[in-house]
A.B. asks: 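This is the structure I want to talk about, given as C-alpha cells.
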Protein chains: 2
Amino acid sequence: MDVKTLCLGLLSLEDACGYELKKRCEARFQHFFSAGYGSIYPALAELAEAGLVEDRAAAGDGRADRKVYRITAAGREHFRRSLHTMTPQHKLRSEFLAMLYFADLLDTERLNTVVDERLQELRRTESHIAGVERELGRDAPAGARFVAGFGVALARVAADYIEEHRHLLLERSPARQPEKAAAPARAARRPLDLTGSLP
Amino acid sequence: MDVKTLCLGLLSLEDACGYELKKRCEARFQHFFSAGYGSIYPALAELAEAGLVEDRAAAGDGRADRKVYRITAAGREHFRRSLHTMTPQHKLRSEFLAMLYFADLLDTERLNTVVDERLQELRRTESHIAGVERELGRDAPAGARFVAGFGVALARVAADYIEEHRHLLLERSPARQPEKAAAPARAARRPLDLTGSLP
DNA sequence: CATTACATGTAAAAGGTTACATGATTCG
DNA sequence: CGAATCATGTAACCTTTTACATGTAATG
C-alpha cells in the first residue's frame, strides 16, 4: 500500500485537503506509516486524474484557500478491491538496531546518548498513541482501536526491553578489548561465525 | 545507514563476498534490515572505488569464482566515524497495520487469511531469531545478543497481541453495519473525528 | 514583529526493488 | 536430469525524501 492508496483510504472516512491528510497520517499512523507533502500532493493529483477522487475549491475563511478532496464511488470500490488484492507487507528498517549490533565500536557516551534518545522517542510514541486510543470511543471502528492498542503494546515492550538490557551493551566483549592495550589490532581478531541457523 | 554502510560494518567483522553478505544480512538482520543483490553489489563496487574495501579474486574450489572483499584501515575508520556521526533512524512501514485500520471494509475470510499469515510470519521470525540467539555464546559481541533478544521479545509480543485481540476486528462497528441491510449506504455515514491529540 | 500554523505545489536526487542475463556445481 | 545453491552483475523502474518556491493569517 503506497501513499496513494492510503490517502484514498483516509478519504473513504472523511473529506480532506492535502494538508489535513498529512496531519491525520501523523496522528493515527505515526508508529507505522509516514508520508510527506512531497508524496501526498502528487498522489492526490493522480487519484483525481484517475477519477477516484474529486476536488472542490474551498475558500478558507481566514486561512489559505484549500482544495478539498472527496472520494468517488469508483474510488471507494477501488480501495476496497485493493485491500482484497494486495499482499500486505510489514517492513522495518532500523538503523538504531543496526548500530547497536556494532555497539563494540561505540564509545560509552555515544552509546548512552543514542539509547536515551530512542527511549525518549518510544515513550513519547507510547503516550501519544495511548492518548489517541483513549479518545476512541466504543463506537469507533474496530481497526482503529486494534491498531492503537498494538502500537502501545509494542512501544512499551520495546522501551522496557531496552531499559532492562542496555547494561549488556557496556560489557565489552573480551575479543575486542585488547585493542585498547596497544595490540597490533589485527592479530587478535578472531572471526566468529555468526552466520546463524538457516542458510 | 544505507546498504553501503551496513556492508562495511559486516566486513569489519569478517571478509566476505557479495553473496555471503546477503546471506548474513538475512541470518542476522532479517527482522530489521533487508538488502537485495541489486543494492549489495553496487554498494561493494562503490566501497572499493572509495578505497574503503579491497577485493581479491578467490578461485572457488568447486563453486563459482568469488570476489572476496576485505575492509581497509580507512574503511574501518570510516565505519567507526559514521557510527558516531549519523542519526539512527527507526522506520516501520506496515501495510498490514494500515490494512487492519480499515478492517471494516474486509470480509471475514480475507481478514482471517491476512491475520493468520502475519501470525505465521511472526512465529517463524521469532523462532528463527531465537535460534540465532542460542548459537551466540557468552563471548559473542554484546550487540549481537542484544539485538537478537530484542527481536525475539518484539516478535513474541506482536504475535501475542494479535492472537489476543483479533476477535475485536470481527465485531463490526454499528456505524457501518447498516450497509448490510440494503440502506442507501451514504446516509448512515457519520464522520468520526479521529484526528487525535497532538496537532 | 517574529514565529508558527495553514496551505499547495514542483523538481531533483537518492535509494531500493525487480527483472533480466549468465554460468558452474551439487544434491536428490 | 532437474532443481536448488553458489556466484556476479546491470538496467529500468518505482517511490520516497529533500529542497525549493510562495503566500496568508493567527499567535505570542
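Chain naming here is simple, since letters A, B, ... match the order of the sequence lines and numbering starts at 1 in each.
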A.B. asks: Nearest whole angstrom, please: distance from the P of dT16(D) to the CG of Leu6(A).
C.D. replies: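 Those two atoms, CG and P, are 10 Å apart.
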A.B. asks: Can you measure Ile40(A) atom CD1 to dA7(C) atom C1' for me and round it to whole angstrom units?
C.D. replies: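 Distance check: Ile40(A) CD1 to dA7(C) C1' gives 13 Å.
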A.B. asks: Does the ring center of Phe102(B) lie less than 6.0 Å from the ring center of Phe79(A)?
C.D. replies: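 Between Phe102(B) and Phe79(A), the centre distance is under 6.0 Å.
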A.B. asks: Take the protein atom OH of Tyr37(B) and the nucleotide atom P of dA19(C), then report the distance between them rounded to whole Å.
C.D. replies: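 Nearest whole value for this atom pair: 16 Å.
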A.B. asks: If you group Ile, Leu, Val, Met, Phe, Trp and Tyr by side-chain heavy-atom gaps below 4.5 Å, do Val152(A) and Val132(A) land in one group?
C.D. replies: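 No, it is not one cluster - the side chains of Val152(A) and Val132(A) are not joined through contacts under 4.5 Å.
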A.B. asks: Looking across every strand, which nucleic acid part, if any, lies under 4.0 Å from Gly38(A) by heavy atom: base, sugar-phosphate, or nothing?
C.D. replies: base
A.B. asks: Check the distance between dT22(C)'s C1' and Asp65(B)'s CG and give it to me in whole angstrom.
C.D. replies: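 The distance from CG of Asp65(B) to C1' of dT22(C) comes to 14 Å, rounded to the nearest Å.
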A.B. asks: Rounded to whole angstroms, how far apart are CZ on Arg56(A) and C1' on dT8(C)?
C.D. replies: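 Whole-Å distance recorded here is 17 Å.
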A.B. asks: I need the CD-P distance between Glu26(B) and dT5(D), as an integer number of Å.
C.D. replies: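 For the pair Glu26(B) CD and dT5(D) P, the rounded distance is 11 Å.
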A.B. asks: Kindly say if Arg93(A) contacts the phosphate of dG15(C), meaning a side-chain N or O under 4.0 Å from OP1 or OP2.
C.D. replies: no
A.B. asks: Check whether the ring centres of Phe150(B) and Phe32(B) lie less than 6.0 Å apart, and answer yes or no.
C.D. replies: no
A.B. asks: Nearest to the Tyr19(A) side chain among dT8(C), dT10(C), dT8(D), which nucleotide is it?
C.D. replies: dT8(C)
A.B. asks: Would you say Lys22(B) places a side-chain N or O within less than 4.0 Å of OP1 or OP2 belonging to dC6(D)?
C.D. replies: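 Indeed not, no polar side-chain atom of Lys22(B) lies that close.
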A.B. asks: Between atom CG in Asp2(B) and atom P in dT15(D), what is the gap in whole Å?
C.D. replies: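 In whole Å, dT15(D) P lies 22 Å from Asp2(B) CG.
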A.B. asks: Please report the closest heavy-atom contact between Arg145(A) and Arg138(A), naming both atoms and the distance.
C.D. replies: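 Distance-wise, the nearest heavy atoms are NH2-O, 3.6 Å.
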A.B. asks: Just compare dT8(C), dG9(D), dT16(D) and give me whichever is closest to any side-chain atom of Cys17(A).
C.D. replies: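 Side chain of Cys17(A) sits closest to dT8(C).
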A.B. asks: List the atom of Gly36(A), the atom of Lys22(A), and the distance in Å for their closest heavy-atom pair.
C.D. replies: CA-CE, 3.8 Å
A.B. asks: Are any of Ser39(A)'s side-chain N or O atoms less than 4.0 Å away from OP1 or OP2 of dT18(D)?
C.D. replies: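 So the side chain of Ser39(A) is outside the cut-off, no N or O lying under 4.0 Å from OP1 or OP2 of dT18(D).
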A.B. asks: Look at the side chain of Tyr69(B) and decide which nucleotide, out of dT17(D), dG9(D), dT17(C), has an atom nearest to it.
C.D. replies: dG9(D)
A.B. asks: Please state how far atom CZ in Arg66(B) lies from atom C1' in dA24(C), giving the value in whole angstrom units.
C.D. replies: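 Computing the Arg66(B):CZ to dA24(C):C1' distance gives 14 Å.
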A.B. asks: Check whether any side-chain N or O of Lys67(B) sits under 4.0 Å from OP1 or OP2 of dG9(D), and answer yes or no.
C.D. replies: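 Result: yes.
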A.B. asks: Both Ala35(A) and Tyr41(B) contact DNA chain D. Taking the nearest nucleotide for each, which residue is further toward the 5' end?
C.D. replies: Tyr41(B)
